[in-house]
Amino acid sequence: MAGRVQLSKPNTLWFLSSSSSPLYSLNFRGLHNHNNLNFKNRLHFRPNLVSSSPSRGALYCTCRSPNLSNGEAISDPFVLTTPLYYVNAPPHMGSAYTTIAADAIARFQRLLGKKVIFITGTDEHGEKIATAAAACGSSPSEHCDVISQAYKALWEDLDIAYDKFIRTTASKHEVIVKEFYSRVLANGDIYRADYEGLYCVNCEEYKDEKELLENNCCPMHLKPCVLRKEDNYFFALSKYQKKLEDTLTQNPDFVQPSFRLNEVQGWIKSGLKDFSISRTSVDWGITVPNDVKQTIYVWFDALLGYISALSDEKEQTNLQTALSSGWPASLHLIGKDILRFHAVYWPAMLMSAGLTLPKMVFGHGFLTKDGMKMGKSLGNTLEPNDLVQRFGSDAVRYFFLREVEFGNDGDYSEDRFINIVNAHLANTIGNLLNRTLGLLKKNCQSTLAVDSTIAAEGNAFKDTVEKLVEKARVQYENLSLSSACEAVLEIGNAGNLYMDEHAPWSLFKQGGAASEAAAKDLVIILETMRIIAIALSPIAPRLCFRIYTQLGYSEDQFNAVTWSDTKWGGLKGGQIMAQPKPIFARIEIQKEGEDAVKKK
RNA sequence: GGCGGCGUAGCUCAGCUGGUCAGAGCGGGGAUCUCAUAAGUCCCAGGUCGGAGGUUCGAGUCCUCCCGCCGCCA
């Protein structure tokens, strides 16, 4: 379809024009960063290199909600990781999808009052990095700085509120890797051996001859592999075959979804081979302790980012201190292509070092575009930067979290993207708020007549909303992000139906008792919107913030909400609402030379 | 070749453990309304549940074979 899409600037630049809002504070408390003085506010974004102590008043830390003051033990933190993305290239939509999903899960866990440690970062070692840098005429570290920054910039645009951004070139990471290496060595699981084989530089892997194409070309990169013989260090993975089998049998939830568990069990069953964990031919990386000629292989290095990320900059880095700051991880979120490393190699490494395994590894599916696999050679990649610039963060997040059943593959098409986002965010949610605030302004001077609890007395609608909220909570906890979205949107549908049934605009015209009933109805709908703003905030945080501020709340109040605030009754009589203003501008499609609008 | 997953309305998907033998969202058509972001509400069309057998009183759901797609392994 030839056409142009109008930029949804209102969705991305809302704050810059909102100074007329009487309740929106322009004061920015940049507690942690010197660089954050521009107006473009970031909800729950913090490139936090400085540890902040948990505090009730902290802008984003919710580990101590008021409800935890009754002598409850401090619970374990919820530690969530994305993969550490390889900096051979800027981020693509696949890694953005993983990170968006992780962010939604992290936000939900924070709403529950959990202390969350959300770890992401970049894997910056390896031959490909050195090669890519040389091709650009940069040093590897310069190259890493640029690409790593590109990741951070995209995460900022996508409202990713991570806690720890670890780069494998960080000095603390090296300390952790070396200490871990020594532990595994001391356990007798590293040995030296010759390794000869055909090596693909792009995969950074030795290949079995059988899997290569003619001229020994790698099937993925279509470039000839090089015969290499190296004297390397090996990790005794085969030694852990039985233990891994037992672990997966006894913990069937360790790998999810369940069909991925089957795959992993199949790999193990077919026999595990020791794998090389070092290279002599690669200089860009961490040297093997006591052997400066060998460099640690990227996976043995990178996976430890999940632990080194926990290390506090201020303290002397050591493995034990890092572990005690949040290990074991609660959830590793990964794409299915790296499942073997996370579900087989990593657990075995941890066993060897005598460390606890993470609680769960979740391997989600791939994204396709218009039903086809994405690939540079196909020329149909989906650039996350483009998507977020064109449609805004909320639309991108909402679409992928709603449309892809987590764990399965998912498809993107622009028509469907626009249809779904318009129908749900602009129409169901956005119009409901707009029409209600408009009525409130016209008939009640933008002020709530009664408490929402009083307004809903004897009203079954409140029960409907509470049931759907509970449904959403359960779905979030089960990582069913799509179903959670569905449940929250259903609240919006119920709200629109309620409005039509009660027709408060008609009641206002009648005056008297009818007008009072109408005023109560508006309070009911606005309380519903308040609940939606909380329940949907893990998915579309910026949109939800706009809803919350139009209901008369401040940024601090929004950042302090917990899931328990979805309980009916937050809005009180007398609260003044902001002026009605669309919270999500419809994405318009215009066809060339043709007026596509053909409506009544 | 072996193992596993999938194939349900134009699109994206529910329907798990057999029982009002088919639903939802998006899109489409119609009606209605005008508080509202040309939005809302209501109604409708649209299905050989990949195909063929079988088990059963009854199968989208269980079994067998076949076709197609995807993944892992060889």
Side-chain angles (χ1 to χ4, degrees), chain A residues 8 10-11 208 210-211 257-273 335-337 339-340 343-344 363 365-368 370-373 398-400 402-444 475 478 480 482-483 485-490 492-509 515 518-519 521-522 525 529 543 546 550 580-589 595-600:
Chain A
S8 57
N11 294 326
D208 283 338
K210 289 178 282 188
E211 64 183 305
S258 62
F259 53 89
R260 305 249 188 257
L261 174 65
N262 292 343
E263 233 169 84
V264 175
Q265 287 175 318
W267 289 333
I268 296 172
K269 191 174 181 179
S270 67
L272 297 178
K273 295 177 185 177
K336 63 184 182 183
D337 55 327
L339 183 61
R340 184 196 305 269
V344 181
F366 282 169
L367 300 176
T368 54
D370 299 316
M372 295 185 296
K373 280 185 179 182
Y398 182 82
F399 177 79
F400 285 107
R402 168 65 192 246
E403 278 293 286
V404 183
E405 179 60 41
F406 204 45
N408 294 346
D409 290 349
D411 186 62
Y412 167 91
S413 77
E414 183 163 297
D415 287 351
R416 190 169 174 83
F417 180 100
I418 291 170
N419 285 337
I420 288 292
V421 156
N422 278 343
H424 296 177
L425 301 186
N427 297 349
T428 301
I429 300 295
N431 182 58
L432 178 57
L433 179 64
N434 205 52
R435 74 198 281 208
T436 313
L437 287 180
L439 282 167
L440 193 76
K441 177 181 177 182
K442 183 177 180 181
N443 298 281
C444 305
Q475 299 291 2
N478 291 337
S480 299
S482 175
S483 299
C485 290
E486 193 175 305
V488 180
L489 259 291
E490 187 54 33
N493 290 334
N496 275 300
L497 178 60
Y498 184 94
M499 283 287 269
D500 230 75
E501 285 173 342
H502 286 71
W505 56 89
S506 185
L507 297 180
F508 279 120
K509 289 172 182 173
S515 189
D521 285 337
L522 297 192
I525 295 301
M529 290 306 310
L543 178 101
R546 291 197 287 272
Q550 289 207 4
K581 185 179 168 104
I583 54 163
F584 188 91
R586 162 162 309 96
I587 299 166
E588 302 287 343
I589 305 174
D595 185 359
V597 178
K598 187 179 69 167
K599 301 289 185 176
K600 46 202 189 283

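Below, read A as the first sequence line, B as the second, and so on, with proteins coming before strands; counting in each chain starts at 1. From a predicted model like this one, the values you see are computed outputs, not experimental measurements.
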The side chain of [X] lies closest to which of these nucleotides: [options]?
X       : options                   : result
N408(A) : rA14(B), rU41(B), rC35(B) : rA14(B)
W267(A) : rC35(B), rC72(B), rU37(B) : rC72(B)
R340(A) : rC26(B), rC73(B), rU37(B) : rC73(B)
L497(A) : rC42(B), rU37(B), rC35(B) : rC42(B)

In terms of the angle between their ring planes, are F399(A) and F417(A) parallel, tilted or perpendicular, with boundaries placed at 30° and 60°?
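Rings of F399(A) and F417(A): tilted, 30 to 60°.
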
Sticking with atom [atom1], work out how far [N] lies from [M], rounded to a whole angstrom.
N       : M       : atom1 : answer
rU8(B)  : rG51(B) : P     : 10 Å
rU56(B) : rG46(B) : C1'   : 32 Å
rC16(B) : rG54(B) : P     : 24 Å
rG25(B) : rC33(B) : P     : 24 Å
rG47(B) : rA22(B) : C1'   : 8 Å
rC62(B) : rC21(B) : C1'   : 16 Å
rG19(B) : rA59(B) : C1'   : 10 Å
rG60(B) : rG15(B) : C1'   : 8 Å

Remember a base hit wins even if backbone is also touched, and classify [X] as base, sugar-phosphate or nothing at under 4.0 Å, heavy atoms.
X       : value
I420(A) : sugar-phosphate
K269(A) : nothing
N434(A) : base
K373(A) : sugar-phosphate
R260(A) : nothing
G266(A) : nothing

Whole Å only: how far is the [atom1] atom of [X] from the [atom2] atom of [N]?
X       : N       : atom1 : atom2 : value
D409(A) : rU12(B) : CG    : P     : 13 Å
K336(A) : rC6(B)  : NZ    : P     : 13 Å
F406(A) : rC13(B) : CZ    : P     : 16 Å
N422(A) : rA38(B) : CG    : P     : 11 Å
F259(A) : rC73(B) : CZ    : P     : 16 Å
L339(A) : rC70(B) : CG    : C1'   : 16 Å
L489(A) : rC13(B) : CG    : P     : 18 Å
E403(A) : rU12(B) : CD    : C1'   : 5 Å

Taking every non-hydrogen atom, the tightest pair across G363(A) and R260(A)
O-NE, 2.6 Å

Minimum heavy-atom separation for A343(A) and V264(A), please, with both atom names.
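Reported closest heavy-atom pair: CB-CG2, 3.8 Å.
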
Can you check whether R416(A) has a side-chain N or O nearer than 4.0 Å to OP1 or OP2 of rG10(B)?
no

Strictly by Watson-Crick or wobble contacts shorter than 3.5 Å, is anything paired with [N], and which nucleotide is it?
N       : result
rC69(B) : rG5(B)
rC35(B) : none
rU64(B) : rA52(B)
rG23(B) : rC13(B)
rA45(B) : none

Whichever of W505(A) and D500(A) has its nearest RNA chain B nucleotide further upstream toward 5'
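Taking each residue's closest nucleotide, the earlier one in sequence belongs to W505(A).
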
Closer to the 5' end of RNA chain B via nearest nucleotide, is it A494(A) or S270(A)?
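The residue whose closest nucleotide sits nearer the 5' end is A494(A).
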
N/O donor-acceptor pair under 3.5 Å between R586(A) side chain and A426(A) backbone:
no

To the nearest 0.5 Å, what is the distance between [atom1] ([X]) and [atom2] ([Y])?
X       : Y       : atom1 : atom2 : value
Q265(A) : S270(A) : CD    : OG    : 12.0 Å
N408(A) : F259(A) : CG    : CZ    : 5.0 Å
K581(A) : Q550(A) : NZ    : CD    : 8.5 Å

Are a donor atom and an acceptor atom from the side chains of S413(A) and D370(A) found within less than 3.5 Å of each other?
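Per modelled atom types, S413(A) and D370(A) side chains form no pair under 3.5 Å.
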
